[in-house]
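What you see below is based on every heavy atom in this structure, not just the backbone, and it leaves out hydrogens, waters and symmetry mates. Throughout, protein chains are lettered first and strands after them, A, B, ... in sequence-line order, and every chain is numbered starting at 1.
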Amino acid sequence: MSIVVFAEQRGGALRKITFEVISEGKRLATAAGDSLKVLLAGDNVSGLAEELKKFGPDEIAVVNSDKLADYTTESYAGVLTDYVKQENPSLVLLGHSAIGKDLAPRVTARLGAGLVSDCIEINYDGGDFSFIHPIYAGKAVATYKVNSAVKIATLRPNIFAMEEAEGAANVVDFAPEIAASRTTVKEVIQQAGDRPELTEADIICSGGRGLGNPEGFDLIEQLADALGAAVGSSRAAVDAGWRDHQAQVGQTGKVVSPNLYIACGISGAIQHLAGMGSSKCIVGINKDPEANILTVADFGIEGDLYKVVPALIEKLKEVNG
Amino acid sequence: MNIVTCIKQTFDTEAKIVIDNGQVSTQGVNLIVNPYDEYAVEESIRLKEKNGGEVVVVSVGGDKTQEALRYCLAMGADRAVLIQDPALEQADNLGCAVAMAKLISQMEYDLVFCGKEAVDDGAAQVPSMLAEKLDLPQANVLTALEIADGQATATREIDGGSEVLEMKLPAVLSAQKGLNEVRYPSLPGIMKAKRKELKVVSLADLELSAEDVAAKTELVAAELPPARKAGRVLSGEIDEMVAELVSLLKDEAKVI
Ligand SMILES: Cc1cc2nc3c(=O)[nH]c(=O)nc-3n(C[C@H](O)[C@H](O)[C@H](O)COP(=O)(O)OP(=O)(O)OC[C@H]3O[C@@H](n4cnc5c(N)ncnc54)[C@H](O)[C@@H]3O)c2cc1C
Ligand SMILES: Nc1ncnc2c1ncn2[C@@H]1O[C@H](COP(=O)(O)O)[C@@H](O)[C@H]1O
């Protein structure tokens, strides 16, 4: 049997999540005695196969077509479905990214299979896979079994370790008929600046209503600069119009798992915790000793963020030279 | 313009989760319309107000789901259909999508609207599955939408930005926060909703069998996440606390 991984690229660059998913695919393939096959689809993407080889796939199937230049659901769903039908794998893995979330359920419905989204762990017990997925915004964790022959899962970004490995790394061409897409991409708008994307970031600095005004985010930006971090926001700050909703972390925002999450002027409401509770280390800066964020944070500082954050930025600059 | 809007009834986001025998207990939990579905209902009603036609809210659920559907009728949807069947109680997302697709395929519609994700299972599966089963184009996680001359221009959130998609209707769309500001039902709206049609249909009514919606995924067990170990609130002068924090982050947590 085999395990198939969908390699996500956009504009000819592989995404970090791809390496995380391949690494987990490799661990599971080794445990189950399966081979690991990677599907790399796009326009002129053959060159990316080298980067993928480092993570130990046995085979990389490459599809090149100008019809795949932009990600569109229908064209990509056709390619992935055809590859799965050809390989008949036990497991298909994708990232729980914008593309993976859009693609996996469409392919699952086409195959009549079972899909577990947003897994934070997958286990193989010698006979079957089990899939661990947080539910109720992380307030509970559920274990799922899938009873279809092909089992499909998407993996939460920033959770699975990237690990280089050995593999046969055969590169083969795959040339399915490519379905026309009924959607066309008119425009792609990249966020300004070169900050890491929230779901991929190692460090996130977030601001909340406690900033008091939109200019407060200038201070959060400076802190993020000192740490090479992404900038997030509570819903209250988004609803006040201080920050774009793309920055919102929480139950109705993004779910993030950075190594370090620094919450400034955020009370730590349950819906906010739902989005950042799985961060490895949480720092809370709040002037209210009763604020919930100070009880959940690994390290809390009780104080006025307008005094604490500038001092912190100075200290970081000093330490980092 | 006729719009079908799929809504799911979910736990209130404030709800405390209690695990009973390996499953999430529904006892005493306040139920709401999935927050993202409210954006979908709101957008549907606005489109109807502008272009005419009707908004039909659809759900797969149980007795209590009628309350969620009535809430959407009170917001301004025109009628509701609840798909309710013992065989759907254990259904997974694909099963729900199959049932809704069968119902929708028998209706006249220009657009199917969903929320981008249900806040209970956090799956983000049903809209794309519906699109596949209805053989329609799809656009998920929308923060802006324009419709003119049977064509949709949709702004979809992607990692690190957004993209603008165009497609001919009908299509399946899913709503993200930011698409609009959701209205509250007005008192007259609530009164009117009581008289609006709410039809309950079974799988047999849809000419589907239990096998057609049989679950491929099963939630075997749920548990509470491990509690975070109690944190440490630093004390002292600001300079001291900041210095301590930086060394803790560097040497103990090793995150900077
Ligand atoms: C259905 C639903 C979904 C939701 N989804 C989300 C979500 O996705 N994300 C989210 O964040 N919220 C969400 N919320 C909202 C959530 O309940 C809270 O209202 C929100 O998180 C509060 O934001 P906040 O912490 O910035 O503001 P507040 O709760 O007002 O907290 C501000 C904090 O700043 C502190 N403060 C004030 N001044 C200073 C200062 N000078 N220095 C230091 N500290 C200071 C205060 O002590 C206070 O603790 C949702 C709510 C609902 C009902
Ligand atoms: N049981 C259901 N009844 C009606 N709509 C649903 C149901 N489950 C999911 N949906 C729709 O699909 C969206 C995504 O749900 P999910 O795939 O469960 O995350 C929701 O926001 C709803 O619009």
Most contacts with chain B, counted as non-hydrogen pairs under 4.5 angstrom, among A:Val107, A:Val141, A:Val283, A:Asp304: A:Val141
Salt bridge flag under 4.0 Å for residues B:Glu157 and A:Lys254: yes
Any sub-3.5 Å donor-acceptor pair from A:Asn147's side-chain atoms to B:Ala215's backbone N or O? yes
Is it the backbone or the side chain of A:Ala311 that comes under 4.5 Å from a heavy atom of chain B, or both, or neither? both
Note, A:Val238 side chain near B:Lys177 side chain (heavy atom, < 4.5 Å): yes
A:Ala140 portion near chain B, given a 4.5 angstrom heavy-atom threshold: both
Within-4.5 Å side-chain heavy-atom neighbours: A:Phe299 and B:Leu249: yes
Among B:Ile19, B:Leu94, B:Leu224, B:Asp92, which residue has the highest count of heavy-atom pairs closer than 4.5 Å to chain A? B:Leu94
Is the shortest side-chain heavy-atom distance between B:Met167 and A:Ser181 below 4.5 Å? no
For A:Leu115, which atoms come within 4.5 Å of any heavy atom of chain B: side chain, backbone, both, or neither? both
Heavy-atom pair count under 4.5 Å with chain B, highest-scoring of A:Glu314, A:Gln251, A:His133: A:Gln251
Side-chain heavy atoms of B:Asp159 within contact of A:Arg15, under 4.5 Å: yes
What residue in B:Met241, B:Lys168, B:Arg156 has the most heavy-atom pairs under 4.5 Å with chain A? B:Arg156
Kindly indicate whether the side chain of A:Lys186, heavy atoms from C-beta on, has any atom under 4.5 Å from the side chain of B:Leu165. no
In plain terms, say whether B:Glu166 and A:Arg182 are close enough for a salt bridge, that is, a side-chain N and a carboxylate O under 4.0 Å apart. no
Which atoms of A:Leu198 are under 4.5 Å from chain B, going by heavy atoms: the side chain, the backbone, both sets, or neither? neither
For A:Gln191, which atoms come within 4.5 Å of any heavy atom of chain B: side chain, backbone, both, or neither? both
Output the option from A:Gln271, A:Lys101, A:Gln190 having the highest count of non-hydrogen pairs under 4.5 Å with chain B. A:Gln271
Supply the atom-to-atom distance B:Thr13 OG1 to A:Tyr136 OH, rounded to the nearest 0.5 angstrom. 13.0 Å
Report which part of A:Ile203 has an atom under 4.5 Å of a heavy atom belonging to chain B: side chain, backbone, both, or neither. side chain
Between B:Gln138 and A:Asp102 (side chain of the first, backbone of the second, donor and acceptor by atom type, cut-off under 3.5 Å), is there such a pair? yes
So what's closer than 4.5 Å to chain A heavy atoms on B:Glu14: side chain, backbone, both or neither? both
Identify which of B:Val126, B:Thr155, B:Leu130, B:Val164 forms the greatest number of heavy-atom pairs closer than 4.5 Å to chain A. B:Val164
Any heavy-atom pair between the side chains of A:Lys151 and B:Thr217 that's under 4.5 Å? no
If we define contacts as heavy-atom pairs under 4.5 Å, which of B:Thr10, B:Asp120, B:Val246, B:Ile238 has the most with chain A? B:Asp120
For the interface with chain A, which of B:Ala97, B:Ala139, B:Ala221, B:Ser247 has the highest count of heavy-atom pairs at distances below 4.5 Å? B:Ala221
Contact between B:Tyr36 and A:Thr252 at the side-chain level, heavy atoms closer than 4.5 Å - yes or no? yes
NZ/NE/NH1/NH2 to OD/OE distance under 4.0 Å, A:Lys145 and B:Glu218: no
For A:Ser97, is it the side chain, the backbone, both or neither that has a heavy atom under 4.5 Å from a heavy atom of chain B? both
I want to check something: taking the side chain as every heavy atom from C-beta on, are B:Ile256 and A:Asn259 in contact at a cut-off of under 4.5 Å? no
Against A:Lys315, only a single residue in B:Asp239, B:Leu245, B:Val242 fulfils side-chain contact (heavy atoms from CB on, under 4.5 Å); can you say which? B:Val242
With sequence neighbours left out, the residues meeting ring-ring contact (aromatic ring centres under 6.0 Å, His included) with B:Tyr71 are none
For A:Arg195, is it the side chain, the backbone, both, or neither that has a heavy atom closer than 4.5 Å to a heavy atom of chain B? neither
Interatomic distance, NZ@B:Lys254 vs SG@A:Cys281, rounded to 0.5 Å, equals 12.0 Å
Report the option among B:Pro127, B:Ser174, B:Ala123 that has the most heavy-atom pairs separated by less than 4.5 Å from atoms of chain A. B:Ala123
Heavy-atom pairs under 4.5 Å with chain B are the metric here; pick the option from A:Glu74, A:Gln248, A:Glu302, A:Lys280 that has the most. A:Gln248
